[in-house]
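Working notes, structure below.
In this text the structure is predicted, and so the values were computed from the model without any measurement. Atoms considered below: every heavy atom in the structure, side chains included; atoms not considered: hydrogens, waters and symmetry mates.
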Amino acid sequence: MLSEPRAGRLAAWGNALIAHMVSPDDAVVAIVGEDAVHRVEGLPGESAPVGLTLALGRLRTLGASGLRVALPAPGHPLGLSGPPDFNARALEAEEAVICEGAALGLVPEVYEAGPEGDVHVEVVWHCLPVREAPPADVPSLGEAERELAEALRDATEVLTRLDVAGSGPVAEAAIEAYRARAEQGREVLAPGYPPRAVRVLELAQRVGALVTLASENGHGGAVSASEIAARGEALRPVERVARRAQVAAYNSVVMERGMR
């Protein structure tokens, strides 16, 4: 969970475009990021894949008033509202974007091409019908912020007690190094998002980084089966909370608009 989900970039900059806060060219550059190209397949009225600029404009004419993120995992359909076919595709990709007001959703499929050392990434967003219903399990920004603080405290206490690599100064240094690289030349969120959403997303990414580092650094001092199980029990709810907080941050402008 060290990287920003593509669905997050698409929703954030798509929302900024819908709100007339960025130009189409700037939005597309931010969404594509380090990938080679993004296309949208299955867009109503188009028989072949189209570029992001055309796709975002078409979605607006089809009634899209905002873009929401879903970050589902097995047993946790976070941000989804159906139907089952769309949910299954989103679960396989572990992310999706839902278009408010247009009853459409976008699921990314990632392709890598090119020789070793010169691999480029192409993304096809599959446009599919979605059910217009409240998304599953998305908290408010306030709820997400409180959950993150509690989860980070509890997980750090358990991981430190188990002497797990990833809970101390080495992990902090790794997280900071990653953040310094990742944030060069990019905004945490697109223009138009409230400062609290930026704060929540930054903390969610930090918590997600802790989970990733603790998961990838072997078993540390947790040598017994019971200790390994305890670490897994500590990490699962933290990862879930971090995903919920990311979705809350990305969706905050759409949720706030709906409450007015």
Side-chain angles (χ1 to χ4, degrees), residues 1-9 11-12 15 66-81 87 90-91 94-98 100 133-162 164 166-168 171-172 174-176 178-179 182-183 187-190 192-216 229-259:
M1 204 166 168
L2 286 173
S3 61
E4 183 180 24
R6 289 181 174 88
R9 294 204 306 266
N15 282 327
L67 305 179
R68 292 192 286 106
V69 171
L71 297 178
H76 188 207
L78 174 62
L80 297 176
S81 56
N87 287 4
L91 180 58
E94 298 183 341
E95 58 179 312
V97 171
I98 289 87
E100 287 274 324
D137 199 35
V138 178
S140 67
L141 280 175
E143 292 169 334
E145 196 167 28
R146 288 192 297 273
E147 289 177 0
L148 279 170
E150 294 172 3
L152 183 59
R153 183 185 64 244
D154 294 345
T156 301
E157 179 182 337
V158 172
L159 295 175
T160 301
R161 187 171 68 247
L162 294 175
V164 173
S167 59
E172 289 295 308
I175 292 171
E176 289 304 324
Y178 169 81
R179 281 161 56 88
E183 291 176 6
E187 297 179 63
V188 177
L189 276 172
Y193 277 82
R196 190 174 200 177
V198 175
R199 185 169 68 245
V200 167
L201 183 58
E202 286 182 322
L203 183 55
Q205 291 173 341
R206 189 177 188 85
V207 171
L210 172 60
V211 171
T212 299
L213 289 166
S215 300
E216 292 178 350
R231 181 175 66 167
E233 288 298 315
L235 291 177
R236 272 190 290 276
V238 178
E239 189 275 337
R240 183 185 182 104
V241 165
R243 280 189 298 109
R244 275 168 49 85
Q246 282 200 76
V247 171
Y250 286 122
N251 294 0
S252 57
V253 292
V254 177
M255 294 175 69
E256 286 184 359
R257 194 182 306 132
M259 294 170 61

Can you tell me how far [atom2] of [Y] sits from [atom1] of [X], rounded to the nearest 0.5 angstrom?
| X | Y | atom1 | atom2 | answer |
| --- | --- | --- | --- | --- |
| Leu80 | Leu91 | CG | CG | 8.0 Å |
| Glu100 | Met255 | CD | CE | 10.0 Å |
| Leu189 | Leu201 | CG | CG | 5.0 Å |
| Ser81 | Arg68 | OG | CZ | 5.5 Å |

Practice problem: Could you please spell out the steps behind the side chain to side chain contact (heavy atoms under 4.5 Å, CB included) verdict for Tyr250 and Glu4? | Solution: CA-CA 11 Å; Tyr250 286 122; Glu4 183 180 24; 3.1 Å; yes

Do you know the tightest heavy-atom contact between [X] and [Y]?
| X | Y | value |
| --- | --- | --- |
| Ala249 | Leu141 | CA-CD2, 3.8 Å |
| Leu148 | Ala242 | CD2-CA, 4.0 Å |
| Leu71 | Gln246 | CD1-CB, 3.9 Å |
| Ala12 | Ala190 | O-CB, 3.4 Å |
| Val69 | Ala11 | CG2-CB, 3.4 Å |
| Pro135 | Gly79 | CB-O, 3.5 Å |

Just by modelled atom types, is the [Y] backbone N or O under 3.5 Å from a matching donor or acceptor in the [X] side chain?
| X | Y | result |
| --- | --- | --- |
| Glu95 | Ala90 | no |
| Asp137 | Leu78 | no |
| Gln205 | Glu202 | no |

Quiz prompt | Note, Pro195 side chain near Val198 side chain (heavy atom, < 4.5 Å) | solution =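 Sidechains of Val198 and Pro195: no contact.
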
Self-check item: Minimum side-chain heavy-atom gap Val200-Ser252 below 4.5 Å
Solution: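 No, side chains not in contact.
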
Self-check item: Side-chain ion pair, Arg199 and Glu145, N-O less than 4.0 Å
Solution: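 A salt bridge links Arg199 with Glu145.
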
Exercise. Answer yes or no: is there an ion pair linking Glu150 with Arg146, defined by an N-O contact shorter than 4.0 Å?
Key: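 Not counted as a salt bridge, because no side-chain N and carboxylate O are separated by less than 4.0 Å.
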
Quiz item: Among side-chain atoms of Asn15 and Tyr193, is any donor-acceptor pair under 3.5 angstrom?
Solution: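 Looking only at side-chain atoms, Tyr193 and Asn15 do form a donor-acceptor pair, the distance falling under 3.5 Å.
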
Quiz item: Cut-off 3.5 Å, side chains only: do Arg244 and His76 have a donor facing an acceptor?
Solution: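 No, no side-chain donor-acceptor pair sits under 3.5 Å.
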
